[in-house]
There are 2 protein chains.
Amino acid sequence: MSNINDTRERIIRVVKTRFHNRSYADVGIKEICDMASIQKGSFYHFFPSKRDLVLAVIDEFALDWANGFVAEAFDPALPPMERIDYVIDAAYFWQKSSKDLNGHIPGCLFGNLALEISTQDDVLRAKLNAVFTSAKDRFRGTLDEAVEQGTIKPLDSETTAEAMLAYLEGMILLAKAENDPEVIYRLGPALKNIRIETNRH
Amino acid sequence: MSNINDTRERIIRVVKTRFHNRSYADVGIKEICDMASIQKGSFYHFFPSKRDLVLAVIDEFALDWANGFVAEAFDPALPPMERIDYVIDAAYFWQKSSKDLNGHIPGCLFGNLALEISTQDDVLRAKLNAVFTSAKDRFRGTLDEAVEQGTIKPLDSETTAEAMLAYLEGMILLAKAENDPEVIYRLGPALKNIRIETNRH
DNA sequence: ATACTAGTTGACCGACCGGTCTATTGCAAG
DNA sequence: CTTGCAATAGACCGGTCGGTCAACTAGTAT
């Protein structure tokens with residue numbers, strides 16, 4: 001217990017950035033072991049398979065995300081609709097700083113993985129979908145608050161939140177294709193104007 | 001000349017659906033050859049490398065797309081803003097029918113490839129970006145028409161077109177993660193309300 | 001001192017990867 | 001009938017893939 005055993009953490013740390021900057025298929029176990037300065041036996045002591053690793057990475061990354069810029073952006077102290085602007089800023093700076101570091105826009109890890117493997121592994125797909133759902137819930141809560149405060153007129157907050165998330169992911173996708181973070185600033189302003197009206201039957 | 005030599009076409013046809021439904025990395029040369037009933041020698045007679053194949057596939061697919069539902073959706077006979085509704089319908093039915101066929105939503109080939117490999121191959125990235133640019137131009141032309149006809153108030157058609165494309169790709173991404181085409185119908189209505197105002201200096 | 005076990009090593013596995021190469025086929029032009 | 005060449009066949013290549021395994025190490029509990 002008192003022993004400092006950080007091997008598992010080291011594996012995850014090393015692989016997080018690699019999955020994010022490249023792709024699931026492109027990062028091999030051997031490379032991971034080399035970068036973490038371990039042998040394969042150690043790797044498979046902690047993870048039954050590469051698939052289990054990516055499952056763990058999604059969890060860890062979602063946690064980083066929630067504790068990091070998401071917690072900042074969705075700061076309850078900010079007026080609700082300003083939080084949405086903050087999300088744009090956060091997305092921009094993240095992609096921008098990644099590009100400054102290694103020349104490429106990595107995009108969103110969850111979006112990347114979703115498009116790469118969600119047709120091939122349903123468990124993975126469901127896990128990524130859960131991450132998106134919790135992101136959507138953040139938006140929805142913010143919209144509900146804005147409606148309560150009278151900042152915006154009532155709307156279908158659930159669906160609008162989903163639409164905002166879609167738009168965010170789409171912006172990041174185009175920014176990656178263009179390899180230019182400015183796309184996010186260019187398209188960002190439209191995010192908080194997205195509205196889907198309540199469907200009155 | 002009179003000889004029916006459809007090997008190249010057969011390779012492309014076989015690989016198009018596979019790249020679309022799985023991923024670039026997941027589809028191997030051997031599999032492609034088997035499915036096209038040829039040997040590796042034939043494959044490498046037509047394509048110098050797997051990378052050159054995917055380059056060709058992008059071209060072919062963009063052509064299919066342009067001649068297929070894009071040509072229909074952006075039918076000049078339709079009122080401009082109705083064309084945008086048509087895009088949603090087309091996206092929905094395509095994803096829906098794919099799911100009915102094999103149980104999975106394939107998403108958008110270009111979006112899939114962009115997120116999978118655009119950090120790893122700049123030529124490929126640029127090619128995909130060009131496809132997105134021409135899609136954006138379609139939207140822009142439609143918006144310009146709508147402005148001319150007075151259907152919508154003047155706006156920044158270039159940036160709004162890009163925003164619409166982002167939203168479309170984002171919807172498809174979420175639909176794939178959820179493996180449910182209904183996402184597209186749920187979020188679709190917001191597409192044509194996206195607006196980015198002209199930036200008056 | 002002993003037994004147990006989590007952690008680690010690194011050789012090894014079969015399968016498959018993208019790609020090469022030589023030999024052969026078959027058609028078309030001279 | 002010969003020459004030439006696009007097209008095809010299929011064995012072969014080194015390397016890497018994800019994953020296994022028996023042996024060993026070191027710290028802990030008894």
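What you are looking at is a predicted structure, and each value in this text was computed from that prediction instead of being measured. So that the names make sense, note that chain A is the first sequence line, chain B the second, and so on, each numbered from 1.
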Peer 1: Specify the separation, in whole Å, of atom CZ of B:Arg8 and atom P of D:dT8.
Peer 2: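 Going from B:Arg8 (CZ) to D:dT8 (P), I get 13 Å.
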
Peer 1: Between A:Asp6 (CG) and C:dT8 (C1'), how many Å, whole number?
Peer 2: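 Atom-to-atom, A:Asp6 to C:dT8, this comes out as 14 Å.
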
Peer 1: Is A:Gly41 touching bases, backbone alone, or none of the nucleic acid, heavy atoms closer than 4.0 Å?
Peer 2: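 The answer is base, as A:Gly41 lies within the cut-off (heavy atoms under 4.0 Å) of a base atom.
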
Peer 1: Rounding to a whole Å, what distance do you find between A:Asp26:CG and D:dG18:C1'?
Peer 2: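 Taking atom C1' of D:dG18 as the reference, CG of A:Asp26 is at 15 Å.
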
Peer 1: Would one find a side-chain N or O of A:Gln39 under 4.0 angstrom from OP1 or OP2 of C:dG10?
Peer 2: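 It does, given that an N or O in the side chain of A:Gln39 lies less than 4.0 Å from OP1 or OP2 of C:dG10.
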
Peer 1: What heavy-atom pair brings A:Glu116 and A:Ser23 nearest, and what distance separates the two atoms?
Peer 2: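 That closest heavy-atom pairing would be OE1-CB, 3.4 Å.
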
Peer 1: Rounded to whole Å, how long is the line connecting atom CG of A:Asp34 with atom P of D:dT16?
Peer 2: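 It is 11 Å, rounded to the nearest whole Å.
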
Peer 1: The side chain of A:Lys30 is closest to which nucleotide in this list: D:dA9, C:dT9, D:dC17?
Peer 2: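 The listed nucleotide nearest to A:Lys30's side chain is D:dC17.
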
Peer 1: What's the closest nucleotide to the A:Tyr44 side chain, out of C:dG19, D:dG18, C:dG7?
Peer 2: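 Among C:dG19, D:dG18, C:dG7, the one nearest the side chain of A:Tyr44 is D:dG18.
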
Peer 1: State whether B:His45 places a side-chain N or O below 4.0 Å from either non-bridging phosphate oxygen (OP1 or OP2) of D:dT8.
Peer 2: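 No.
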
Peer 1: CZ of A:Phe43 versus C1' of C:dC12: gap in Å, rounded?
Peer 2: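 In whole Å, C:dC12 C1' lies 18 Å from A:Phe43 CZ.
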
Peer 1: In terms of the angle between their ring planes, are A:Trp65 and A:Trp94 parallel, tilted or perpendicular, with boundaries placed at 30° and 60°?
Peer 2: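 Judged by the thresholds at 30° and 60°, the geometry between A:Trp65 and A:Trp94 is tilted.
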
Peer 1: Counting side-chain heavy atoms from C-beta on, which of D:dG18, C:dG18, C:dG10 comes nearest to A:Ile29?
Peer 2: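 My answer, after comparing the listed nucleotides, is D:dG18.
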
Peer 1: When you compare the side chains of B:Asn21 and A:Thr119, does any donor N or O come within less than 3.5 Å of an acceptor on the partner?
Peer 2: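 On atom types as modelled, these side chains do not qualify, holding no pair under 3.5 Å.
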
Peer 1: Between A:Lys40 and D:dG19, does any side-chain N or O lie under 4.0 Å from OP1 or OP2?
Peer 2: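 So the side-chain polar atoms of A:Lys40 never come under 4.0 Å of the phosphate oxygens OP1 or OP2 of D:dG19.
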
Peer 1: Is the shortest distance from a Lys or Arg side-chain nitrogen in B:Lys136 or B:Glu158 to a carboxylate oxygen in the other one below 4.0 Å?
Peer 2: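 Yes, B:Lys136 and B:Glu158 are salt-bridged.
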
Peer 1: Take the protein atom CD of B:Glu31 and the nucleotide atom P of C:dA15, then report the distance between them rounded to whole Å.
Peer 2: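 Atom-to-atom, B:Glu31 to C:dA15, this comes out as 18 Å.
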
Peer 1: Would you indicate, yes or no, if D:dA9 has its OP1 or OP2 atom less than 4.0 angstrom from a side-chain nitrogen or oxygen of B:Ser42?
Peer 2: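 It does, given that an N or O in the side chain of B:Ser42 lies less than 4.0 Å from OP1 or OP2 of D:dA9.
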
Peer 1: Should the ring pair A:Tyr185 and A:Phe93 be called parallel, tilted or perpendicular, given that the plane angle runs from 0 to 90° and is split at 30 and 60?
Peer 2: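 A:Tyr185 vs A:Phe93 ring planes: perpendicular.
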
Peer 1: Rounding to a whole Å, what distance do you find between B:Lys50:NZ and C:dT20:P?
Peer 2: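 Distance check: B:Lys50 NZ to C:dT20 P gives 15 Å.
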
Peer 1: To the nearest Å, how far apart are A:Ile11 CD1 and C:dT8 C1'?
Peer 2: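 It is 11 Å, rounded to the nearest whole Å.
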
Peer 1: Any idea which of C:dG18, D:dT8, D:dG18 is nearest the B:Thr7 side chain?
Peer 2: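 Side chain of B:Thr7 sits closest to D:dT8.
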
